[in-house]
Amino acid sequence: MEKKAAVICGTAGLLGLLAVILGFVGESTKSKSFSGFDGVNCVYRSTPALGCGVAGAFFVLTAHVFLTAATGCCGCYRPETRKMIPSQTKRVFAVAMSVVSWILLFIALGLFLVGATWNIAGDREPAEATSSGVGECYVLQGGVFAAASVLSLVIVGFGIASYFLLGASGPPREQEPGIAMGQPPPYFQPEGGYPAGATWQTRV
């Protein structure tokens, strides 16, 4: 069980780390998107931040879906395979972290994709022209990709914590010795046998 937990957490952690790295790479290259003003439109060129944004969104989404499937959607769909039943408090914390991570996931995806969109090559209409007749061009504000990276780290961290809270590892459930699940209780006969004419009933 520990090996399985290590594989699941390692895979999700690697995907989350890739999303974080791509986010910071996109943050460092996004400023090269704006090319200039041609007198009519603002000219933008494609940068590596476009691919970083798309790939970062894919990796963080994959990591989160992978962890959600591993936990059985907060333990709802794998009760027979879970060897350790979490307490009610742990389950509440796990569900809360799962809900928060889903909200943060949508925010991170939006930031990644918005940042990628602003790094697509093309011409865009400028803002209102200034007194000199030159149009003001919009550029992507700083911190969009960096915020997506930080959220990706939090999302994966919450997912891994939820996985362990729901009993990913731990001692198996105790079972009463001598009685197998689904089997009738053992038959006992008193020493010397039953007296003649005695009757009995089997209780189920």
Side-chain angles (χ1 to χ4, degrees), residues 1-28 30 49 51-117 141-183:
M1 194 66 182
E2 288 77 6
K3 183 178 180 181
K4 179 182 177 181
V7 171
I8 291 175
C9 296
T11 303
L14 178 61
L15 293 172
L17 180 61
L18 289 175
V20 172
I21 294 174
L22 289 172
F24 284 114
V25 172
E27 183 70 26
S28 63
K30 69 175 181 58
C52 291
V54 175
F58 172 77
F59 284 133
V60 69
L61 177 62
T62 304
H64 192 268
V65 172
F66 179 72
L67 285 171
T68 302
T71 58
C73 191
C74 294
C76 297
Y77 297 104
R78 63 182 190 102
E80 72 282 352
T81 60
R82 194 169 60 246
K83 290 189 175 182
M84 180 180 177
I85 299 179
S87 64
Q88 187 65 23
T89 303
K90 290 183 178 180
R91 186 177 179 83
V92 170
F93 274 109
V95 172
M97 285 191 294
S98 179
V99 172
V100 173
S101 63
W102 274 107
I103 297 175
L104 297 179
L105 175 65
F106 288 115
I107 297 175
L109 291 177
L111 292 174
F112 272 125
L113 296 179
V114 167
T117 302
Q141 293 183 353
V144 174
F145 283 102
S149 295
V150 174
L151 289 178
S152 299
L153 188 62
V154 175
I155 290 167
V156 175
F158 276 14
I160 294 176
S162 178
Y163 177 73
F164 278 101
L165 284 175
L166 289 172
S169 61
R173 289 179 292 181
E174 295 183 358
Q175 183 177 336
E176 293 184 6
I179 301 179
M181 297 288 291
Q183 298 295 327

With side chain to side chain contact (heavy atoms under 4.5 Å, CB included) as the test, would you mind laying out the steps for Ile8 and Tyr163 before giving the verdict? CA-CA 9 Å; Ile8 291 175; Tyr163 177 73; 3.2 Å; yes
Begin with the C-alpha distance, continue with both residues' side-chain angles, and end with the deciding distance and a verdict on side chain to side chain contact (heavy atoms under 4.5 Å, CB included) for Val60 and Leu105. CA-CA 8 Å; Val60 69; Leu105 175 65; 4.2 Å; yes
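Residues Met97 and Leu165 form a side-chain contact, since some pair of their non-hydrogen atoms from C-beta on lies under 4.5 Å apart. Considering only heavy atoms from C-beta on, Phe112 stays 4.5 Å or farther from Val54 through its side chain.
Within 6.0 Å of the CZ atom in Phe93, the count of heavy atoms belonging to other residues, nucleotides or ligands does not exceed 12.
When every heavy atom of Ala19 is checked against every heavy atom of Gly56, the shortest pair comes out as CB-O, 3.7 Å. Closest approach of Gly53 and Ala116 over heavy atoms only: CA-CB, 4.1 Å. The shortest heavy-atom contact between Leu109 and Ala57 is CD2-O, 3.3 Å. Minimum heavy-atom separation, Ala12 to Ala63: O-CB, 3.9 Å.
Going from atom CZ of Phe66 over to atom CG of Leu15 covers 8.0 Å, rounded to the nearest 0.5 Å. Taken from CZ in Phe58 to CG in Leu22, the straight-line distance is 11.5 Å, to the nearest 0.5 Å. Remark: Leu67 CG to Thr62 OG1 distance equals 11.0 Å, nearest 0.5 Å.
Panel note: side chain Ser101, backbone Ser98; a donor-acceptor pair is recorded below 3.5 Å. Thr117 places a side-chain N or O within donor-acceptor distance of the main-chain N or O of Leu113, the cut-off being under 3.5 Å. Looking only at distances, no side-chain donor or acceptor of Glu27 sits under 3.5 Å from a matching main-chain atom of Gly142.
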Donor-acceptor contacts under 3.5 Å from residues 149-157 side chains, at least two apart:
from, atom 1, to, atom 2, distance (Å)
Ser149, OG, Val20, O, 3.0
Ser149, OG, Phe24, N, 3.3
Ser149, OG, Phe145, O, 3.1
Ser152, OG, Ala148, O, 2.8

